[in-house]
Amino acid sequence: MASGEEDGTVEEKETNNKKRTKGAIATAWLTFYNIAMTAGWLVLAVAMVRYYLQKGTHKGLYRNIARTLKFFQTFALLEVGHCAIGIVRTSVIVTGVQVCSRIFMVWFVTNSIRQNEESVILFVVVWTITEITRYSFYTFNLLNHLPYFIKWARYNMFIVMYPLGVIGELLTIHASLPYVRRSGMYSLRLPNKYNVSFDYYYFLIIVMLSYIPLFPQLYFHMLRQRRRVLHGEIVVEKDE
Ligand SMILES: CCCCCCCCCCCCC/C=C/C(=O)SCCNC(=O)CCNC(=O)[C@H](O)C(C)(C)COP(=O)(O)OP(=O)(O)OC[C@H]1O[C@@H](n2cnc3c(N)ncnc32)[C@H](O)[C@@H]1OP(=O)(O)O
């Protein structure tokens with residue numbers, strides 16, 4: 001009996017040690033990741049402000065920042081991995097929809113429009129403000145020094161920013177439709193050796209329609225997070 005208890009204690013200790021090691025490694029990685037992403041989106045913000053101040057127009061702005069934007073937005077795919085391996089307590093599906101829809105925008109939609117559209121600037125500016133806030137929230141939270149205004153901004157700004165971002169994205173997809181139809185880009189017409197047809201134009205319409213069921217789910221998820229963190233029983237971090 002005694003020996004069983006001892007064994008249990010040793011096993012428990014080993015498990016706890018493993019958990020601690022995994023916890024420390026995961027925390028170190030997440031801290032690095034969030035600092036890198038905060039810096040990346042800050043670089044984008046500075047580049048946009050500089051461009052606008054120098055040129056006095058938004059024309060050409062997207063082209064100027066496109067590579068950096070694509071890089072950091074694509075890097076965010078790691079967040080789906082973070083959820084999948086359980087180092088952050090977030091749903092893989094919610095994160096997957098959020099990240100994939102954005103990657104789709106930067107790699108497949110903005111190529112098919114005049115990038116001077118105001119809607120492109122709208123969603124890029126909204127994403128940038130959101131991500132600087134979100135990643136700095138995670139960073140300070142991990143470092144146990146979370147200023148209240150960052151926590152407040154994280155769980156309040158999305159109320160306006162989310163719909164604005166979605167409006168920018170939908171207007172951008174809509175603006176791409178005429179060119180996509182004319183050019184037949186990314187489409188596969190029959191007959192072909194695979195005997196498969198794909199019409200990117202209709203695919204984009206389906207993507208636009210999919211915002212109707214998907215966006216409310218993301219938005220309500222954030223409203224629940226807001227209630228939990230700002231008004232709820234579980235406190236993420238000591239304020240200030
Ligand atoms: C092929 C094409 C497909 C197309 C499909 C189209 C459909 C599209 C539909 C809708 C599209 C939306 C497009 C998006 C537009 C915009 O972004 S507009 C700009 C405004 N956007 C926002 O405000 C974004 C809001 N969304 C988010 O914040 C996230 O993406 C989220 C996944 C939706 C929600 O985040 P979640 O992680 O669940 O909430 P949090 O409260 O932030 O975190 C929960 C816990 O997890 C911890 N955590 C999460 N990530 C990290 C991290 N990187 N590092 C450390 N910790 C992390 C966090 O601290 C929380 O911890 P606990 O409090 O301890 O639980």
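When a ligand or atom number is given, it counts from 1 through the structure's own listing order. These numbers come from a predicted model, not from an experiment.
If you look at Gln98 next to ligand 1, the close heavy atoms, those under 4.0 Å, all belong to the side chain. Contacts of Tyr162 with ligand 1, taken as heavy-atom pairs under 4.0 Å, involve both backbone and side chain. Residue-level proximity to ligand 1 for Tyr135 is absent, since no heavy atom of it falls below 4.0 angstrom. Of all the heavy atoms of His82, none lies under 4.0 Å from any atom of ligand 1, so neither backbone nor side chain is involved.
Of the polar atoms of Arg89, at least one N or O is found under 3.5 Å from an N or O of ligand 1, judged by distance alone. In terms of polar-atom proximity, defined here as any N/O pair under 3.5 Å, Glu79 makes no such contact with ligand 1. Of the N or O atoms in Tyr138, one or more lie within a sub-3.5 Å distance of an N or O in ligand 1. By the 3.5 Å distance cut-off applied to N or O atoms, Thr90 is counted among the residues near ligand 1. At under 3.5 Å, not a single nitrogen or oxygen of Ser210, backbone or side chain, sits near a nitrogen or oxygen of ligand 1.
Pairing each heavy atom of Thr130 with each of Val126, the nearest pair is OG1-O, 2.8 Å. Thr128 and Ala45 make their closest contact through CG2-CB, 3.7 Å (heavy atoms, listed as atom of the first residue, atom of the second, distance).
Without hydrogens or angle criteria, Ser112 side chain to Val109 main chain gives a donor-acceptor distance under 3.5 Å. In this structure, the side chain of Asn34 engages the main chain of Leu30 through a donor-acceptor pair within 3.5 Å. Checked by atom type and distance alone, the side chain of Ser187 pairs as donor or acceptor with a backbone atom of Met185 at under 3.5 Å.
Leu146 and Ile35 are members of different hydrophobic clusters when ILVMFWY side chains are connected at heavy-atom separations under 4.5 Å. Clustering ILVMFWY residues whenever any of their side-chain heavy atoms sit less than 4.5 angstrom apart, transitively, puts Val43 in a cluster other than the one holding Val106.
Listed by number with element, the atoms of ligand 1 under 4.0 angstrom from any heavy atom of Phe158 are 23 (O). Interface of Arg102 with ligand 1, defined as ligand atoms under 4.0 Å from a residue heavy atom, comprises 16 (C), 17 (O). Interface of Gly165 with ligand 1, defined as ligand atoms under 4.0 Å from a residue heavy atom, comprises 18 (S). Listed by atom number, the atoms of ligand 1 under 4.0 Å from Asn34 heavy atoms are 52 (C), 53 (N), 54 (N), 55 (C). Interface of Arg228 with ligand 1, defined as ligand atoms under 4.0 Å from a residue heavy atom, comprises 62 (P), 63 (O), 65 (O). Those atoms of ligand 1 with a heavy atom of Thr95 less than 4.0 angstrom away are 32 (C). Using a 4.0 Å cut-off to heavy atoms of Leu214, the atoms of ligand 1 that qualify are 7 (C), 9 (C). Of all atoms in ligand 1, listed by their number and element, those nearer than 4.0 Å to a heavy atom of Val94 are 32 (C), 33 (C).
When the shell of 6.0 Å around OH of Tyr179 is examined, it contains 12 or fewer heavy atoms from other residues, nucleotides or ligands. Dense packing is recorded around CG of Leu77, with more than 12 heavy atoms of other residues, nucleotides or ligands lying under 6.0 Å away.
Among Val207, Leu204, Val99, the residue whose heavy atom lies closest to atom 4 (C) of ligand 1 is Val207. Counting only non-hydrogen atoms, the option in Gly96, Cys100, Ser101 that gets closest to atom 11 (C) of ligand 1 is Ser101. When the heavy-atom distances from atom 10 (C) of ligand 1 to Thr130, Thr139, Leu218 are ranked, the shortest goes to Leu218. Of the candidates His221, Gln225, Met37, His221 brings a heavy atom nearest to atom 38 (O) of ligand 1. Looking at Met105, Glu169, Met161 and measuring to atom 13 (C) of ligand 1, the nearest heavy atom belongs to Glu169.
For the ligand labelled ligand 1, residue Tyr155 lies inside the 4.0 Å heavy-atom shell.
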Donor-acceptor contacts under 3.5 Å from residues 160-170 side chains, at least two apart:
from: Tyr162; atom 1: OH; to: Gln98; atom 2: OE1; distance (Å): 2.4
from: Glu169; atom 1: OE1; to: Tyr211; atom 2: OH; distance (Å): 2.6
from: Glu169; atom 1: OE2; to: Trp127; atom 2: NE1; distance (Å): 3.0

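Under the side-chain contact (heavy atoms from CB on, under 4.5 Å) criterion, Phe108 pairs with Phe104, Tyr186, Tyr200, sequence neighbours left out.
A centroid separation of less than 6.0 Å is found between the aromatic rings of Phe32 and Trp29. Two rings, from Tyr155 and Phe137, have their centers less than 6.0 Å apart.
Between the side chains of Tyr62 and Glu117, no donor-acceptor pair is found at a separation under 3.5 Å.
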